[in-house]
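We count ligands from 1, going down the list as the structure has it; atoms in each ligand are counted the same way. Scope of the values below: all heavy atoms of this structure, side chains included, with no hydrogens, waters or symmetry mates.
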Amino acid sequence: MHSFLEIQPEVKKTLADGKPVVALESTIISHGMPYPQNIKTALEVEEIVRKNGAVPATIAIFNGKCHAGLNKEQLEYFASAKDVWKVSLRDIPYVVSKKLYGATTVAATMRIAAMAGIKIFATGGIGGVHRNANETMDISADLTEMEQTSVAVVSAGIKSILDISLTLEYLETKGISVVTVGQDEFPSFYSSKSGFKSPLRLDTVEEIAAMINTKWQLGLTGAVLVANPVPSAQEIAADEMETYIQQALNAAEEKKISGKDVTPFLLKYIADHTKGESLEANIALIKNNAKLGGELAVAYAKHQH
Ligand code: PSU
Ligand code: MN
(Lines give C-alpha, C1' and ligand atoms only; values in the text may rest on other atoms or scores of the structure.)
(Ligands and ions follow the chains in the order given, each with its own letter.)
Protein backbone atom coordinates (compact mmCIF):
# COMPACT_ATOMS: atom_id res chain seq x y z
CA MET A 1 0.00 0.00 0.00
CA HIS A 2 2.77 2.42 1.00
CA SER A 3 4.27 2.71 -2.44
CA PHE A 4 0.90 3.59 -3.96
CA LEU A 5 -0.26 6.05 -1.32
CA GLU A 6 1.31 9.41 -0.56
CA ILE A 7 -0.09 11.28 2.40
CA GLN A 8 1.09 14.88 2.63
CA PRO A 9 3.24 15.34 5.79
CA GLU A 10 0.86 17.87 7.39
CA VAL A 11 -2.12 15.60 6.72
CA LYS A 12 -0.25 12.59 8.08
CA LYS A 13 0.72 14.38 11.28
CA THR A 14 -2.79 15.75 11.81
CA LEU A 15 -4.28 12.27 11.42
CA ALA A 16 -1.69 10.75 13.73
CA ASP A 17 -2.59 13.35 16.37
CA GLY A 18 -6.29 12.46 16.01
CA LYS A 19 -7.03 15.96 14.78
CA PRO A 20 -9.58 16.89 12.08
CA VAL A 21 -8.88 16.43 8.37
CA VAL A 22 -11.32 16.98 5.50
CA ALA A 23 -10.91 15.16 2.17
CA LEU A 24 -11.76 17.07 -1.01
CA GLU A 25 -12.20 15.65 -4.51
CA SER A 26 -10.46 16.59 -7.76
CA THR A 27 -12.95 15.64 -10.51
CA ILE A 28 -14.85 18.74 -9.46
CA ILE A 29 -11.68 20.73 -10.30
CA SER A 30 -10.72 19.03 -13.58
CA HIS A 31 -14.17 18.18 -14.95
CA GLY A 32 -16.70 20.13 -12.91
CA MET A 33 -15.69 23.76 -13.34
CA PRO A 34 -13.92 25.90 -15.98
CA TYR A 35 -10.46 27.44 -15.57
CA PRO A 36 -9.59 29.73 -13.79
CA GLN A 37 -12.64 29.61 -11.49
CA ASN A 38 -11.75 26.00 -10.66
CA ILE A 39 -8.29 26.74 -9.23
CA LYS A 40 -9.54 29.83 -7.42
CA THR A 41 -12.34 27.79 -5.84
CA ALA A 42 -10.06 24.84 -5.02
CA LEU A 43 -7.69 27.13 -3.11
CA GLU A 44 -10.50 29.01 -1.37
CA VAL A 45 -12.16 25.76 -0.34
CA GLU A 46 -8.92 24.58 1.30
CA GLU A 47 -8.71 27.90 3.11
CA ILE A 48 -12.30 27.59 4.36
CA VAL A 49 -11.58 24.12 5.74
CA ARG A 50 -8.59 25.59 7.61
CA LYS A 51 -10.59 28.54 8.94
CA ASN A 52 -13.02 26.08 10.43
CA GLY A 53 -10.33 24.20 12.30
CA ALA A 54 -9.44 21.28 10.02
CA VAL A 55 -6.66 20.41 7.57
CA PRO A 56 -7.70 19.98 3.92
CA ALA A 57 -6.56 16.97 1.88
CA THR A 58 -7.44 17.23 -1.79
CA ILE A 59 -7.27 13.77 -3.29
CA ALA A 60 -6.05 12.83 -6.78
CA ILE A 61 -3.73 10.42 -8.55
CA PHE A 62 -0.48 12.14 -9.44
CA ASN A 63 2.14 10.31 -11.47
CA GLY A 64 0.65 6.97 -10.46
CA LYS A 65 0.41 7.72 -6.75
CA CYS A 66 -2.77 8.16 -4.75
CA HIS A 67 -2.26 11.51 -3.05
CA ALA A 68 -4.05 12.61 0.09
CA GLY A 69 -3.15 16.30 0.08
CA LEU A 70 -1.97 18.28 -2.94
CA ASN A 71 0.33 21.28 -3.05
CA LYS A 72 -0.49 24.45 -4.99
CA GLU A 73 1.36 23.36 -8.13
CA GLN A 74 -0.43 20.03 -8.15
CA LEU A 75 -3.79 21.75 -7.71
CA GLU A 76 -2.87 24.06 -10.58
CA TYR A 77 -2.08 21.02 -12.71
CA PHE A 78 -5.52 19.45 -12.15
CA ALA A 79 -7.20 22.80 -12.81
CA SER A 80 -5.46 23.52 -16.10
CA ALA A 81 -4.19 20.31 -17.71
CA LYS A 82 -6.20 19.04 -20.66
CA ASP A 83 -7.44 15.47 -20.80
CA VAL A 84 -6.89 14.64 -17.15
CA TRP A 85 -8.24 11.15 -16.57
CA LYS A 86 -11.56 11.03 -14.72
CA VAL A 87 -10.93 8.30 -12.19
CA SER A 88 -13.79 6.38 -10.66
CA LEU A 89 -13.24 3.21 -8.66
CA ARG A 90 -12.69 0.91 -11.65
CA ASP A 91 -10.03 3.21 -13.15
CA ILE A 92 -7.74 3.38 -10.08
CA PRO A 93 -5.58 0.30 -10.90
CA TYR A 94 -5.12 1.35 -14.53
CA VAL A 95 -4.11 4.93 -13.76
CA VAL A 96 -1.84 3.90 -10.87
CA SER A 97 -0.07 1.06 -12.71
CA LYS A 98 0.51 3.20 -15.79
CA LYS A 99 1.77 6.07 -13.62
CA LEU A 100 -0.80 8.49 -15.02
CA TYR A 101 -2.54 11.54 -13.60
CA GLY A 102 -6.17 11.30 -12.61
CA ALA A 103 -8.85 13.43 -11.01
CA THR A 104 -10.86 11.35 -8.57
CA THR A 105 -14.67 11.18 -8.43
CA VAL A 106 -16.58 10.91 -5.16
CA ALA A 107 -16.21 7.10 -5.26
CA ALA A 108 -12.46 7.10 -5.88
CA THR A 109 -11.89 9.97 -3.45
CA MET A 110 -13.77 8.13 -0.71
CA ARG A 111 -11.69 5.01 -1.21
CA ILE A 112 -8.37 6.84 -1.13
CA ALA A 113 -9.53 8.92 1.86
CA ALA A 114 -10.34 5.65 3.66
CA MET A 115 -6.89 4.24 2.79
CA ALA A 116 -5.35 7.36 4.34
CA GLY A 117 -7.61 7.23 7.43
CA ILE A 118 -9.70 10.32 6.62
CA LYS A 119 -13.34 10.05 7.71
CA ILE A 120 -14.94 13.31 6.56
CA PHE A 121 -15.19 14.42 2.91
CA ALA A 122 -16.74 17.56 1.44
CA THR A 123 -17.75 17.96 -2.20
CA GLY A 124 -20.34 19.64 -4.42
CA GLY A 125 -22.69 17.04 -5.80
CA ILE A 126 -22.55 13.24 -5.91
CA GLY A 127 -23.35 10.90 -8.76
CA GLY A 128 -26.49 8.78 -8.61
CA VAL A 129 -29.11 6.89 -10.58
CA HIS A 130 -29.58 8.54 -13.97
CA ARG A 131 -33.04 9.43 -15.26
CA ASN A 132 -33.11 6.72 -17.92
CA ALA A 133 -31.33 4.10 -15.82
CA ASN A 134 -34.02 1.54 -16.63
CA GLU A 135 -32.57 1.45 -20.16
CA THR A 136 -28.94 2.41 -19.63
CA MET A 137 -28.19 0.87 -16.21
CA ASP A 138 -26.30 4.10 -15.56
CA ILE A 139 -25.87 4.15 -11.80
CA SER A 140 -22.82 5.96 -10.42
CA ALA A 141 -20.18 3.98 -8.56
CA ASP A 142 -20.47 6.79 -5.98
CA LEU A 143 -23.51 4.92 -4.65
CA THR A 144 -21.93 1.45 -4.43
CA GLU A 145 -18.89 3.04 -2.83
CA MET A 146 -21.04 4.72 -0.20
CA GLU A 147 -22.43 1.30 0.66
CA GLN A 148 -19.03 -0.15 1.53
CA THR A 149 -16.71 2.67 2.58
CA SER A 150 -17.07 4.38 5.94
CA VAL A 151 -16.50 8.02 5.01
CA ALA A 152 -19.08 10.76 5.62
CA VAL A 153 -19.85 12.75 2.48
CA VAL A 154 -21.04 16.35 2.64
CA SER A 155 -22.80 17.41 -0.57
CA ALA A 156 -25.52 19.81 -1.68
CA GLY A 157 -27.77 16.90 -2.56
CA ILE A 158 -27.90 15.70 -6.15
CA LYS A 159 -28.42 17.47 -9.43
CA SER A 160 -31.71 16.82 -11.11
CA ILE A 161 -29.81 15.54 -14.18
CA LEU A 162 -30.28 12.42 -12.06
CA ASP A 163 -33.44 10.68 -10.95
CA ILE A 164 -33.61 11.93 -7.38
CA SER A 165 -36.39 9.57 -6.37
CA LEU A 166 -34.57 6.46 -7.66
CA THR A 167 -31.31 7.64 -6.12
CA LEU A 168 -32.96 7.98 -2.70
CA GLU A 169 -34.48 4.50 -3.11
CA TYR A 170 -31.07 3.08 -4.01
CA LEU A 171 -29.45 4.74 -0.99
CA GLU A 172 -32.15 3.23 1.22
CA THR A 173 -31.60 -0.25 -0.23
CA LYS A 174 -27.88 -0.01 0.43
CA GLY A 175 -28.33 1.14 4.02
CA ILE A 176 -26.76 4.54 3.50
CA SER A 177 -27.99 7.08 6.05
CA VAL A 178 -29.07 10.31 4.32
CA VAL A 179 -29.44 13.33 6.55
CA THR A 180 -30.35 16.86 5.47
CA VAL A 181 -29.13 19.78 7.51
CA GLY A 182 -31.76 22.11 8.93
CA GLN A 183 -34.73 21.30 6.69
CA ASP A 184 -37.19 18.48 5.94
CA GLU A 185 -36.74 18.49 2.16
CA PHE A 186 -33.83 16.86 0.37
CA PRO A 187 -31.96 19.53 -1.67
CA SER A 188 -31.19 19.28 -5.40
CA PHE A 189 -27.80 20.96 -5.73
CA TYR A 190 -28.73 24.30 -7.39
CA SER A 191 -31.93 24.45 -5.39
CA SER A 192 -32.63 23.84 -1.72
CA LYS A 193 -35.79 22.04 -2.85
CA SER A 194 -36.29 18.82 -4.77
CA GLY A 195 -39.87 17.85 -4.10
CA PHE A 196 -38.65 14.86 -2.06
CA LYS A 197 -38.59 14.53 1.70
CA SER A 198 -35.20 13.86 3.19
CA PRO A 199 -35.03 10.45 4.89
CA LEU A 200 -33.51 12.10 7.99
CA ARG A 201 -33.06 15.62 9.30
CA LEU A 202 -30.65 17.03 11.87
CA ASP A 203 -30.17 20.67 12.77
CA THR A 204 -26.72 20.89 14.36
CA VAL A 205 -23.19 19.82 13.47
CA GLU A 206 -22.87 18.11 16.87
CA GLU A 207 -25.92 15.94 16.22
CA ILE A 208 -24.59 14.94 12.80
CA ALA A 209 -21.15 14.10 14.20
CA ALA A 210 -22.80 12.02 16.93
CA MET A 211 -24.84 10.11 14.36
CA ILE A 212 -21.81 9.40 12.17
CA ASN A 213 -19.81 8.24 15.18
CA THR A 214 -22.70 6.06 16.37
CA LYS A 215 -23.09 4.40 12.97
CA TRP A 216 -19.47 3.31 12.87
CA GLN A 217 -19.30 2.46 16.57
CA LEU A 218 -22.20 0.10 15.96
CA GLY A 219 -20.12 -1.64 13.32
CA LEU A 220 -22.35 -0.45 10.49
CA THR A 221 -20.07 0.13 7.54
CA GLY A 222 -20.65 2.63 4.78
CA ALA A 223 -21.20 6.32 4.32
CA VAL A 224 -23.42 8.87 5.88
CA LEU A 225 -24.58 11.25 3.17
CA VAL A 226 -24.97 14.74 4.61
CA ALA A 227 -27.09 16.97 2.37
CA ASN A 228 -26.33 20.64 2.91
CA PRO A 229 -28.73 22.95 1.04
CA VAL A 230 -27.23 25.66 -1.19
CA PRO A 231 -27.28 29.12 0.49
CA SER A 232 -30.57 30.82 -0.40
CA ALA A 233 -28.88 33.92 -1.89
CA GLN A 234 -27.32 31.78 -4.63
CA GLU A 235 -29.98 29.19 -5.25
CA ILE A 236 -31.61 28.75 -8.64
CA ALA A 237 -35.27 27.72 -8.82
CA ALA A 238 -35.66 24.04 -9.72
CA ASP A 239 -38.14 24.76 -12.55
CA GLU A 240 -35.73 27.26 -14.09
CA MET A 241 -32.97 24.64 -14.13
CA GLU A 242 -35.29 21.95 -15.48
CA THR A 243 -35.39 23.58 -18.95
CA TYR A 244 -31.59 23.46 -19.23
CA ILE A 245 -31.41 19.97 -17.79
CA GLN A 246 -33.92 18.71 -20.34
CA GLN A 247 -31.91 20.34 -23.15
CA ALA A 248 -28.70 18.82 -21.80
CA LEU A 249 -30.26 15.34 -21.64
CA ASN A 250 -31.54 15.70 -25.23
CA ALA A 251 -28.12 16.83 -26.45
CA ALA A 252 -26.44 13.88 -24.71
CA GLU A 253 -28.84 11.47 -26.39
CA GLU A 254 -28.37 13.06 -29.81
CA LYS A 255 -24.59 12.90 -29.48
CA LYS A 256 -24.81 9.32 -28.14
CA ILE A 257 -22.77 10.19 -25.05
CA SER A 258 -22.37 7.16 -22.80
CA GLY A 259 -20.44 5.70 -19.86
CA LYS A 260 -18.17 7.92 -17.82
CA ASP A 261 -18.62 10.83 -20.27
CA VAL A 262 -22.30 11.32 -19.42
CA THR A 263 -21.92 13.28 -16.17
CA PRO A 264 -19.11 15.62 -17.40
CA PHE A 265 -21.05 16.25 -20.62
CA LEU A 266 -24.22 17.21 -18.77
CA LEU A 267 -22.33 19.37 -16.28
CA LYS A 268 -20.51 21.24 -19.05
CA TYR A 269 -23.66 21.67 -21.13
CA ILE A 270 -25.53 23.19 -18.20
CA ALA A 271 -22.59 25.44 -17.25
CA ASP A 272 -22.23 26.67 -20.86
CA HIS A 273 -25.94 27.38 -21.26
CA THR A 274 -26.64 29.04 -17.93
CA LYS A 275 -23.48 31.16 -18.02
CA GLY A 276 -22.47 32.77 -14.75
CA GLU A 277 -25.50 31.90 -12.69
CA SER A 278 -24.99 28.16 -12.33
CA LEU A 279 -21.26 28.55 -11.81
CA GLU A 280 -21.89 31.09 -9.06
CA ALA A 281 -24.30 28.70 -7.34
CA ASN A 282 -21.84 25.86 -7.81
CA ILE A 283 -18.99 27.78 -6.17
CA ALA A 284 -21.20 29.03 -3.32
CA LEU A 285 -22.44 25.57 -2.44
CA ILE A 286 -18.97 24.00 -2.54
CA LYS A 287 -17.70 26.65 -0.12
CA ASN A 288 -20.73 26.11 2.07
CA ASN A 289 -19.99 22.38 2.11
CA ALA A 290 -16.31 22.98 2.91
CA LYS A 291 -17.38 25.02 5.93
CA LEU A 292 -19.71 22.31 7.17
CA GLY A 293 -17.06 19.67 6.39
CA GLY A 294 -14.54 21.52 8.54
CA GLU A 295 -16.99 21.95 11.41
CA LEU A 296 -18.06 18.33 11.15
CA ALA A 297 -14.47 17.05 11.18
CA VAL A 298 -13.84 19.09 14.34
CA ALA A 299 -17.01 17.78 16.02
CA TYR A 300 -16.30 14.19 14.93
CA ALA A 301 -12.69 14.32 16.21
CA LYS A 302 -14.05 15.11 19.71
CA HIS A 303 -15.69 11.67 19.76
CA GLN A 304 -12.34 9.97 19.09
CA HIS A 305 -10.64 11.05 22.33
N1 PSU B 1 -22.23 15.91 -9.89
C2 PSU B 1 -22.04 17.23 -9.79
N3 PSU B 1 -20.78 17.74 -9.91
C4 PSU B 1 -19.69 16.92 -10.12
C5 PSU B 1 -19.92 15.51 -10.22
C6 PSU B 1 -21.19 15.06 -10.09
O7 PSU B 1 -22.98 17.96 -9.59
O8 PSU B 1 -18.56 17.41 -10.24
C9 PSU B 1 -18.74 14.59 -10.43
C10 PSU B 1 -18.28 14.02 -9.08
O11 PSU B 1 -16.87 13.83 -9.12
C12 PSU B 1 -18.96 12.68 -9.04
C13 PSU B 1 -18.89 12.28 -10.49
O14 PSU B 1 -18.37 11.73 -8.21
O15 PSU B 1 -19.14 13.47 -11.21
C16 PSU B 1 -19.88 11.20 -10.84
O17 PSU B 1 -19.60 10.70 -12.11
P18 PSU B 1 -20.36 9.40 -12.63
O19 PSU B 1 -21.78 9.79 -12.77
O20 PSU B 1 -19.68 9.10 -13.95
O21 PSU B 1 -20.13 8.32 -11.61
MN1 MN C 1 -22.33 6.66 -15.07
Quick one: does [X]'s side chain have a donor or acceptor within less than 3.5 Å of a partner on [Y]'s backbone?
X: S194; Y: F186; value: yes
X: N71; Y: E73; value: yes
X: E145; Y: S88; value: no

Heavy-atom nearest option to atom 18 (P) of ligand 1, drawn from D138, L162, D142, T263: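 Looking at heavy atoms only, the winner is T263.
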What atoms of ligand 1 come closer than 4.0 angstrom to any heavy atom of [X]?
X: K159; value: 2 (C), 3 (N), 7 (O)
X: F189; value: 7 (O)
X: T105; value: 11 (O), 14 (O)

Decide whether an N or O pair under 3.5 Å exists between [X] and ligand 1.
X: S140; answer: yes
X: S88; answer: no
X: E25; answer: yes
X: V106; answer: yes

Atom 17 (O) of ligand 1: the protein heavy-atom neighbour that sits closest, reported with distance to 0.1 Å: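 The protein heavy atom lying closest is K86 NZ, 3.3 Å.
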Spacing of T263 atom OG1 and K159 atom NZ [to the nearest 0.5 Å]: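 Result: 9.0 Å between the selected atoms.
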Proximal protein heteroatoms (N, O or S) of the Mn ion (ligand 2), under 2.8 Å: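 You should have found D138 OD1.
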V262, portion touching ligand 1 at heavy-atom distance under 4.0 Å: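 Near ligand 1, V262 shows nothing, with every heavy atom at 4.0 Å or more.
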Ligand 1-proximal atoms of H31, by part, heavy-atom distance under 4.0 Å: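 Neither part.
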Criterion side-chain hydrogen bond (donor to acceptor under 3.5 Å, both in side chains) on Y35 and E76, from CA distance to verdict: CA-CA 10 Å; Y35 188 86; E76 184 72 46; 2.7 Å; yes
Whether M33 lies under 4.0 Å from ligand 1, heavy atom: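 M33: no contact with ligand 1 (<4.0 Å).
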Ion pair check, D184 and R201, cut-off under 4.0 Å: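 Looking at D184 and R201, the cut-off is met.
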Aromatic contact, F62 with Y77 (centres under 6.0 Å):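 Ring centroids of F62 and Y77 are less than 6.0 Å from each other.
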